[in-house]
Amino acid sequence: MANKNKITSLAALRGIAVIAVCFCHFSKAAENGAHFSGVFKWMEDYGKYGLQVFFVISGFVIPYSLEKSGYAFRDYPRFLYKRLLRLHPPYLAALAFTLFIAEVSYRSRHLPNPENLSTIVQSLFYLHAPIDNPVFWSLRIEAEYYLFIGLYFILLKKYPFVAVGAGIPILTILSQTHLVDYCGLFNFMVFFMIGTVGFLVYNKSSKPWLEQALLVFLLAFCFLFYEQGAAIAALFTISIILYVNKSFHSVLEHPGEISYSLYLIHFPLGIKFMNLMMRTTNGEYVWWLFAGAFFLSYACAWVFWRLIERPFMRLSQKIKYTAAGPAAVSLPVQSL
């Protein structure tokens, strides 16, 4: 298994996930009338499972970080504040960026802007995803997970057999009920739990047979009740985390480092760029537009990461829990 001091595969997995999501969205804009449109359709159909990769990573890394940092119940408000400081300011900046680009686009085409004051206010609290950046919907799922895991982790530490042996099967069953209509987290709970049980396996708890059996159960549950692509993505992710101990090429690790920024802004940038350029070009250039959309989004995401995301990430890292412990590992994107 991987070295306990550093999980080298996480950045690469985030890189794979965010590239897959970008390709999914850019392919949808490129597939109509393009040469090799079947390739774009394939990327659109399977790139969306990058989200499941993110969810499994979050399910693993958040408990891992809480364990390493000496987290206790009294730290729950501080945990939420750390997450808010780490993720919300970049989100607000991306929201403002999205609304600005959308307003310019609609005005130039003399079309009404579908957003209004009500939807903008809802967007501030993850209650609405703007039409021009629909990827924001997953951030609400991540936020709900943070509210949940900060409490569930305490149960996991104090009553592990109950939390694992009874809690996880109950949560899995609830994911197939109408509860998903009221709390979106439950629709994806099994993917987060695959990461959490993977953390327990990685951490070599006192009952390894139980965690290993539950991990097999959760993966089998995925294959039975979810799309095969989502189940394969979950299996791939947790397998890499648990059993691959190597450094990956920077081609994957660097996009993983800026994955949150790239996730936040790639849609309004890349899609607007492709739509604008496709008005004056034909299908034979669509591959160039696809590549241009990605590299434009990547370059802007790197700037966004340096100027906005990284400063707030460093601020959040300065906040320590009351029981001082080893430094926590970097947390994922929501983190999507």
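Only a predicted model underlies this, so the values are computations on that prediction, with no experimental measurement involved.
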Asker: Relative to the ring of Phe188, is the ring of Trp137 parallel (under 30°), tilted (30 to 60°) or perpendicular (over 60°)?
Answerer: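 Plane angle between 30° and 60°, so tilted.
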Asker: Quick one: do the Thr237 and Gln52 side chains pair a donor with an acceptor below 3.5 Å?
Answerer: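 Distance-only check fails for Thr237 and Gln52.
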Asker: Would a single hydrophobic cluster contain both Tyr145 and Leu127, if residues Ile, Leu, Val, Met, Phe, Trp and Tyr are joined by side-chain heavy-atom contacts under 4.5 Å?
Answerer: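 They do share one cluster, since a chain of ILVMFWY contacts under 4.5 Å joins Leu127 to Tyr145.
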Asker: For the residue pair Phe23 and Phe294, does the interplanar ring angle fall in the parallel (under 30°), tilted (30 to 60°) or perpendicular (over 60°) class?
Answerer: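 Phe23 vs Phe294 ring planes: perpendicular.
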Asker: For the residue pair Tyr152 and Phe148, does the interplanar ring angle fall in the parallel (under 30°), tilted (30 to 60°) or perpendicular (over 60°) class?
Answerer: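 Ring orientation of Tyr152 relative to Phe148: parallel.
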Asker: Specify whether Tyr321 and Phe79 have parallel, tilted or perpendicular ring planes, treating 30° as the upper limit for parallel and 60° as the lower limit for perpendicular.
Answerer: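 Ring orientation of Tyr321 relative to Phe79: tilted.
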Asker: Which heavy-atom pair separates Ile238 from Ile194 by the least distance, and what is that distance?
Answerer: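 Taking every non-hydrogen atom into account, CD1-O, 3.8 Å.
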Asker: Any Lys/Arg nitrogen of Glu253 or Arg14 sitting under 4.0 Å from an Asp/Glu carboxylate oxygen of the other?
Answerer: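 Salt bridge: no.
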Asker: Do you know which of Thr119, Leu95, Ile120, Asn113 makes side chain to side chain contact (heavy atoms under 4.5 Å, CB included) with Pro130?
Answerer: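 That would be Leu95.
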Asker: Yes or no on side chain to side chain donor-acceptor pair (under 3.5 Å) for Ser138 and Glu142, after CA distance, side-chain angles and deciding distance?
Answerer: CA-CA 6 Å; Ser138 67; Glu142 290 277 359; over 6 Å; no
Asker: Show your reasoning for whether ring pair (Phe, Tyr, Trp, His ring centres under 6.0 Å) applies to Phe40 and Phe290.
Answerer: CA-CA 10 Å; Phe40 287 119; Phe290 177 89; 5.4 Å; yes
Asker: Are Phe295 and Val251 connected in a single hydrophobic cluster, I mean Ile/Leu/Val/Met/Phe/Trp/Tyr linked by side-chain heavy atoms less than 4.5 Å apart?
Answerer: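 No, Val251 does not connect to Phe295 through the hydrophobic network.
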Asker: Could you check whether the rings of Tyr202 and Phe60 sit parallel, tilted or perpendicular, using 30° and 60° as the cut-offs?
Answerer: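 Rings of Tyr202 and Phe60: perpendicular, as their planes differ by over 60°.
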Asker: Verify whether the ring centers belonging to Phe191 and Phe54 lie closer than 6.0 Å.
Answerer: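 When the ring centroids of Phe191 and Phe54 are compared, they turn out to be at least 6.0 Å apart.
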Asker: Quick one: are Trp305 and Leu264 in side-chain contact, heavy atoms under 4.5 Å?
Answerer: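 Trp305 vs Leu264: side chains apart.
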Asker: Using the rule given for ring pair (Phe, Tyr, Trp, His ring centres under 6.0 Å), can you reason through Tyr126 versus Tyr91, listing the C-alpha separation, both sets of side-chain angles and the distance that settles it, and then say yes or no?
Answerer: CA-CA 10 Å; Tyr126 307 108; Tyr91 165 71; 4.7 Å; yes
Asker: Charged N to carboxylate O under 4.0 angstrom, Lys48 versus Glu44?
Answerer: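 Answer for the salt bridge query: no.
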Asker: Between Tyr106 and Asp132, does any side-chain donor sit less than 3.5 Å from a side-chain acceptor?
Answerer: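 There is such a pair (donor and acceptor under 3.5 Å, judged by atom type) between the side chains of Tyr106 and Asp132.
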Asker: Taking side chain as C-beta onward, heavy atoms only, is Phe136 less than 4.5 Å from Thr98?
Answerer: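 Yes. Closest side-chain heavy atoms under 4.5 Å.
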Asker: For Trp288, does the CH2 atom have more than 12 heavy-atom neighbours from other residues, nucleotides or ligands under 6.0 Å away?
Answerer: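 At most 12 heavy atoms, drawn from other residues, nucleotides or ligands, come within 6.0 Å of this atom.
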Asker: Counting only heavy atoms not in Phe225 (residues, nucleotides, ligands), do more than 12 fall under 6.0 Å from its CZ?
Answerer: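 It does: Phe225 CZ has more than 12 such atoms within range.
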Asker: Could you tell me whether Trp302 and Tyr298 have their ring centroids closer than 6.0 angstrom?
Answerer: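 Not close enough - the centres of the two rings lie 6.0 Å or further apart.
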Asker: Starting at CG of Leu262, measure out to CD1 of Ile265 and round the result to the nearest 0.5 Å.
Answerer: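 Between atom CG of Leu262 and atom CD1 of Ile265 there are 7.0 Å.
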Asker: Do Leu151 and Phe161 land in one hydrophobic cluster if side-chain heavy atoms of ILVMFWY residues count as linked below 4.5 Å?
Answerer: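 Leu151 and Phe161: one cluster.
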Asker: Can you confirm whether or not the ring centre of His88 sits under 6.0 Å from the ring centre of Phe125?
Answerer: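 No.
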Asker: Should Arg310 and Glu257 count as an ion pair when the cut-off is N to O under 4.0 Å?
Answerer: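 Here Arg310 does not pair with Glu257 in a salt bridge, since their nearest N and O are not under 4.0 Å apart.
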Asker: What closest approach, in Å, do Pro255 and Val18 show between heavy atoms, and which atom pair accounts for it?
Answerer: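 Here Pro255 and Val18 meet closest at O-CG1, 3.9 Å.
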Asker: Using the rule that Ile, Leu, Val, Met, Phe, Trp and Tyr join whenever any side-chain heavy atoms are under 4.5 Å apart, tell me whether Leu66 and Tyr159 fall into a single cluster.
Answerer: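 Looking at the clustering, Tyr159 is in the same group as Leu66.
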Asker: Under 4.5 Å between side-chain heavy atoms, hopping through other hydrophobics if needed: is there a path connecting Ile131 to Phe26?
Answerer: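 As far as the 4.5 Å side-chain criterion goes, Phe26 and Ile131 are not connected within one cluster.
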Asker: State, yes or no, whether a side-chain contact exists between Val39 and Met43 at a heavy-atom distance under 4.5 Å.
Answerer: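 Yes. Closest side-chain heavy atoms under 4.5 Å.
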Asker: Does atom CZ of Phe100 have more than 12 heavy-atom neighbours from other groups under 6.0 Å away?
Answerer: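 For Phe100, atom CZ is not crowded (no more than 12 foreign heavy atoms under 6.0 Å).
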